[in-house]
> 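Take this structure, written in structure tokens, and hold onto it; I'll ask about it next.
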Amino acid sequence: MRDTKESRLLLALLVAVAFALITVDIRGGEGSPVDGARRAAAAVFGPVESSVASAVNPIGNAVGAVRDSSERHSRIAQLEKENAELKARLGSDDRNRNRLRELDALLRTAGAGQYGIKAAEVIAIGAAQGFSWTVTIDAGAQDGIRRDMTVINGSGLVGRVTTVGPSTSTVLLASDPDFTVGTRIERTNELGFATGQGDRPLSVQLLNGKAKVKPGDRLVTFGSQADRPFVPGVPVGEVIRVDPSSGELTRRLFVRPYAGFSRLDIVGVVVQPPRTDPRDTVLPPRPKPAPTVTVTVTPSSSASSSASPDGEQPPGDQPQGERDEQMNAQPVPGLTPRTDEQEQE
């Protein structure tokens, strides 16, 4: 419709009529004069609205279902994310507990030997540094680390520092074939030199080829001059096999190291040596042997008196008939038994 003066006038008239009807309907309440017209309109347009609603409702339901499904998927995704975070947090807590145990053991070892240490974490293994048995720790020159310092953990000797950077350092492990450390046996004080053999036990050459050594003997570091690269008294390992000397001047031992080189995590670099040699005080106490239970069986007096030494029953316990026969059968000294023929004569 064109925008003319007549159309604008008609629109204004319709709006005025609508307002008038609304005012009359509100003031009339239940007796409104337009109530009949409203009911008639409802009777005419009600079925049409129902038909349209029945046709449109499935579409609306489908749209609502899609919207709800999207919300459910979002909720499931959120729950899965929270579950993954919870599992990661639990795993992290387990790792933290393990690290706390390692740190506690490290502090006990350092306290027993009076070692001043700088704790560090192993952040890399030796694959990036060649084929040697080395690890990288997250402590360097900025933390007071210097070359040729002893590295320990809660179990014992780990290695020595070979390369120092500003914030990291490289540690040569005691299992490396190029690693050698002076050792001393706990029980006999026999000296030797331990050398790494990779994933095999350490090889120790004793200076005394006639030294008496047995499996189970424990070794500690002997210490170096000015405590570099090794401080004294650090547990090294336990003898598991002794090779015969075969007339040689030295004797070879195989030692299982205390430190597990394949599962290193928290270590300590000895930045201050002990004032005195701790000798064997850092070694853990030996386990006490289990008591041996001995059972002693003592025969009762009644059983011993009821049987003779040769296993025969004593006469006092035999029947009367058997005792008479035995007494008749025994000869009497000085008397000769008579035969039947002599009795007939």
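Every value quoted in this text rests on a predicted model; they were computed, and no experiment measured them. Reckoned from all heavy atoms, side chains included, excluding hydrogens, waters and symmetry mates.
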> Any side-chain heavy-atom pair from Arg101 and Asp104 closer than 4.5 angstrom?
no
> Do the non-hydrogen side-chain atoms of Val181 and Val234 ever get within less than 4.5 Å of each other?
no
> Less than 4.5 Å apart, any side-chain heavy atom of Leu253 and any of Ile185?
yes
> Could you tell me whether the side chain of Gln114 and the main chain of Gly111 form a donor-acceptor pair under 3.5 Å?
yes
> Would you mind reporting whether Phe261 and Asp199 have side-chain heavy atoms less than 4.5 Å apart?
no
> Same cluster or not: are Val164 and Leu172 linked, directly or through other Ile, Leu, Val, Met, Phe, Trp or Tyr residues, by side-chain heavy atoms under 4.5 angstrom apart?
no
> Donor-acceptor pair, distance only, cut-off 3.5 Å: does the side chain of Thr281 make one with the backbone of Pro278?
yes
> Determine whether a donor-acceptor pair (N or O, by modelled atom type, separation under 3.5 Å) exists between the side chain of Thr136 and the backbone of Ile123.
no
> Any side-chain heavy atom of Arg200 within less than 4.5 Å of one from Phe254?
no
> Val204 and Val239: same hydrophobic cluster, using ILVMFWY side-chain contacts below 4.5 Å?
yes
> Could you tell me whether Phe230 and Phe193 have their ring centroids closer than 6.0 angstrom?
no
> Using a strict 4.0 Å threshold on nitrogen-to-oxygen distance, state whether Glu190 and Arg251 make a salt bridge.
no
> Is the closest side-chain heavy-atom distance between Val122 and Val267 below 4.5 Å?
yes
> Is a side-chain N or O of Thr170 found less than 3.5 angstrom from the main chain of Thr162, in a donor-acceptor match?
no
> Does Thr221 reach the main-chain N or O of Gly233 with its side chain, forming a donor-acceptor pair under 3.5 Å?
yes
> What closest approach, in Å, do Gly144 and Met149 show between heavy atoms, and which atom pair accounts for it?
O-CE, 3.7 Å
> Answer yes or no: is there an ion pair linking Arg184 with Asp280, defined by an N-O contact shorter than 4.0 Å?
yes
> Would you sort out whether Ile145 and Lys118 count as a side chain to side chain contact (heavy atoms under 4.5 Å, CB included), showing the intermediate values?
CA-CA 8 Å; Ile145 308 301; Lys118 172 65 179 179; 4.1 Å; yes
> Go through the steps for Glu102 and Asn153 under the test side chain to side chain contact (heavy atoms under 4.5 Å, CB included), then give the verdict.
CA-CA 8 Å; Glu102 292 190 10; Asn153 68 357; over 6 Å; no
> Consider only side-chain heavy atoms of I, L, V, M, F, W and Y, link residues closer than 4.5 Å, and tell whether Leu202 and Ile240 are in one cluster.
no
> For residues 151-169, which residue pairs pass the salt bridge (Lys or Arg N to Asp or Glu O under 4.0 Å) check, not counting sequence neighbours?
Asp148-Arg160
> Which heavy-atom pair separates Val231 from Pro273 by the least distance, and what is that distance?
CG1-CB, 3.9 Å
> Is the number of heavy atoms from other residues, nucleotides or ligands under 6.0 Å of Arg286 CZ greater than 12?
yes
> Determine whether Glu121 and Asp265 satisfy the following criterion, side chain to side chain contact (heavy atoms under 4.5 Å, CB included), listing intermediate values before the conclusion.
CA-CA 6 Å; Glu121 180 182 359; Asp265 188 11; 3.7 Å; yes
> Rounded to the nearest 0.5 Å, what separates atom OH in Tyr115 from atom OG1 in Thr109?
9.0 Å
> Which pairs pass salt bridge (Lys or Arg N to Asp or Glu O under 4.0 Å) with one or both residues in residues 220-232, sequence neighbours excluded?
none
> Evaluate the side chain to side chain contact (heavy atoms under 4.5 Å, CB included) criterion for residues Val220 and Leu283: first the C-alpha distance (whole Å), next the side-chain angles of each, then the deciding distance (0.1 Å), finally the verdict.
CA-CA 8 Å; Val220 298; Leu283 286 168; 3.7 Å; yes
> Evaluate whether atom CD of Gln272 has more than 12 neighbouring non-hydrogen atoms of other residues, nucleotides or ligands under 6.0 angstrom away.
no
> Kindly check if the number of other-residue, nucleotide or ligand heavy atoms within 6.0 Å of CZ (Phe179) is above 12?
yes
> How many angstroms lie between OG1 in Thr183 and CD in Gln205, if you round to the nearest 0.5 Å?
10.5 Å
> Is there a chain of hydrophobic side chains (I, L, V, M, F, W, Y, each step under 4.5 Å between heavy atoms) that links Leu219 to Leu173?
no
> When hydrophobic residues are tied together by side-chain contacts of less than 4.5 Å, even through go-betweens, does Val171 share a cluster with Tyr258?
no
> Testing the basics here: between Gly140 and Ser169, what is the closest heavy-atom pair and its distance to 0.1 Å?
CA-OG, 3.5 Å
> For Leu106 and Ala119, work out which heavy atoms get closest and say how close.
CD2-CB, 4.4 Å
> With the side chain counted from C-beta on, respond yes when Val161 and Val151 share a heavy-atom pair under 4.5 Å apart, and no when they do not.
yes
> Is any side-chain heavy atom of Arg108 less than 4.5 Å from a side-chain heavy atom of Pro284?
no
